[in-house]
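Structure, as structure tokens:
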Number of protein chains: 2
Amino acid sequence: MDKPTALQVFEALSSGVRLDVFRLLVQAGPDGRVAGEISAALDIPPTNLSFHLKGLAQAGLVTAEQEGRFQRYRANIALMVDTIAFLTENCCGEGVSCELTGIAEGVCKS
Amino acid sequence: MDKPTALQVFEALSSGVRLDVFRLLVQAGPDGRVAGEISAALDIPPTNLSFHLKGLAQAGLVTAEQEGRFQRYRANIALMVDTIAFLTENCCGEGVSCELTGIAEGVCKS
DNA sequence: ATAATGATTCAATAGTTATTGAATTATTGA
DNA sequence: TCAATAATTCAATAACTATTGAATCATTAT
């Protein structure tokens, strides 16, 4: 993953609203959720939700698919996994072990 | 890790300057770097660097220690590892495997 | 066709973030 | 003490982000 992509992902995740939306879509699984469902579930006004969904989509963290007059959103798990890989490669210096924290071995460079 | 902490970390990592600073400090290892070294290495004016170091410190991603008239900064690897754990717990839904991406098994809930 | 529904875009506003140069604080060295 | 050095804070500005309500666009149902 290149740096601009990583920055966009971090910026997208730096809002409580967007983090909540993304988590909801992760939990929703492959079916995702239409905008109205997200709006209702998280109690976010449609216009504000649109704003944040746009940011998430621009960062690539969610995809949008038209479904009649609904708009269905899904989490892009692959990008999140890539992001975790990016952080992993940037988080552990020489000889630093991640075992201490309960993260699986092999995750960090060390 | 709680949500406000995660949000602060993501916000801190959402600036190219701060990401560069953090990576530099990770590479520097336990010795860290004094502010002037960071400023010179990344070609960032001292006053702007102070601004971004403040953000990183507030998020907990770096620590600062006075050393004579210098200020030594170090990366907080533990917090980064916690952040990776946070993302891991929020990235993989039911039955989603991370194997595809080359991330070690056991990382995702699966 | 027309009305109703789902969602987005637009316009306005308030608040926040990034950057720069000048001023300030603190420590070291002559 | 006095000048020099390291770093931060302050003040000003420009740019961006978040939120809301009104308006618009597209699709569905009558």
Practice item. With DNA chain D as reference, determine whether F70(B) or T47(A) sits nearer its 5' end, using the nearest nucleotide of each. Key: F70(B)
Check your understanding: Across all strands, who's sitting opposite dT16(C) as a Watson-Crick or G-U wobble pair, both distances under 3.5 Å?
Key -> dA15(D)
Check your understanding: To the nearest Å, how far apart are L49(B) CG and dG21(C) P?
Key -> 15 Å
Point to revise | Separation of dT8(D) P from I38(B) CD1 (nearest whole Å) | key: 9 Å
Review point. Hey, is the side chain of N48(B) poking within less than 4.0 Å of OP1 or OP2 on dT19(C), counting only N and O atoms?
Key: yes
Practice item. Please state how far atom CG in L53(B) lies from atom C1' in dT9(D), giving the value in whole angstrom units. Key: 14 Å
**Study point:** Selection from dT8(C), dA18(C), dC10(D) that lies nearest to any side-chain heavy atom of F51(B)
**Key:** dA18(C)
**Study point:** Distance, rounded to the nearest Å, where L56(B) contributes CG and dA18(C) contributes P
**Key:** 10 Å
Exercise for review: Could you please name the option among dT20(D), dT20(C), dT8(D) that lies closest to any side-chain atom of P45(B)?
Suggested key: dT20(C)
Check your understanding: Is E67(B) salt-bridged to R72(B), cutoff N-O under 4.0 Å?
Key -> yes
Point to revise | Out of dT19(C), dT8(D), dA7(C), whichever nucleotide has its closest atom nearest the side chain of V17(B) | key: dT19(C)
Exercise for review: Please check if the side chain of T5(B) supplies one atom and the backbone of M1(B) the other of a donor-acceptor pair under 3.5 Å.
Suggested key: no
Review point. Does dT19(D) have OP1 or OP2 sitting under 4.0 Å from an N or O in the side chain of H52(A)?
Key: yes
Study note, to complete from the structure: Separation of dC16(D) atom P from Q58(A) atom CD, nearest Å, is 13 Å
Practice item. Find the distance Q8(A):CD to dT17(D):P and express it as a whole number of Å. Key: 11 Å
Point to revise | Approximate separation, where rounding is to 0.5 Å, of L49(B) CG and K54(B) NZ | key: 13.0 Å
Point to revise | Which nucleotide in dT17(D), dT8(D), dT17(C) has an atom nearest any side-chain atom of E11(A) | key: dT17(D)
**Study point:** Of the listed nucleotides dA18(C), dT9(D), dT8(D), the one nearest the side chain of S15(B)
**Key:** dA18(C)
Practice item. Quickly work out the L42(A) CG to dA18(D) P distance and round it to whole Å. Key: 16 Å
Exercise for review: Look at Y73(B) and dT8(D) and indicate whether a side-chain polar atom (N or O) is within less than 4.0 Å of OP1 or OP2.
Suggested key: yes
**Study point:** Of the listed nucleotides dG6(C), dA7(D), dT5(D), the one nearest the side chain of R69(B)
**Key:** dT5(D)
Practice item. Can you tell me the distance, in whole Å, between the CD1 atom of I44(A) and the C1' atom of dG21(D)? Key: 17 Å
Practice item. Any chance you could lay out the salt bridge (charged side-chain N to carboxylate O under 4.0 Å, His left out) test for D31(A) and R74(A), step after step, and finish with the verdict? Key: CA-CA 7 Å; D31(A) 287 349; R74(A) 294 182 177 85; 5.9 Å; no
Check your understanding: In Å and rounded to the nearest 0.5 Å, what is the NE2 to CD1 distance from H52(B) to I44(B)?
Key -> 7.0 Å
Review point. Atom CG in L13(A), atom CD in Q8(A): separation rounded to 0.5 Å?
Key: 11.5 Å
Review point. Which one, dT9(D), dT27(C), dA7(D), comes nearest to the side chain of Q66(B)?
Key: dT27(C)
**Study point:** Side-chain N or O of R18(B) closer than 4.0 Å to phosphate OP1/OP2 of dA18(C)
**Key:** yes
Exercise for review: Looking at every strand, decide which applies to E67(A) at a 4.0 Å heavy-atom threshold: base, sugar-phosphate, or nothing.
Suggested key: nothing
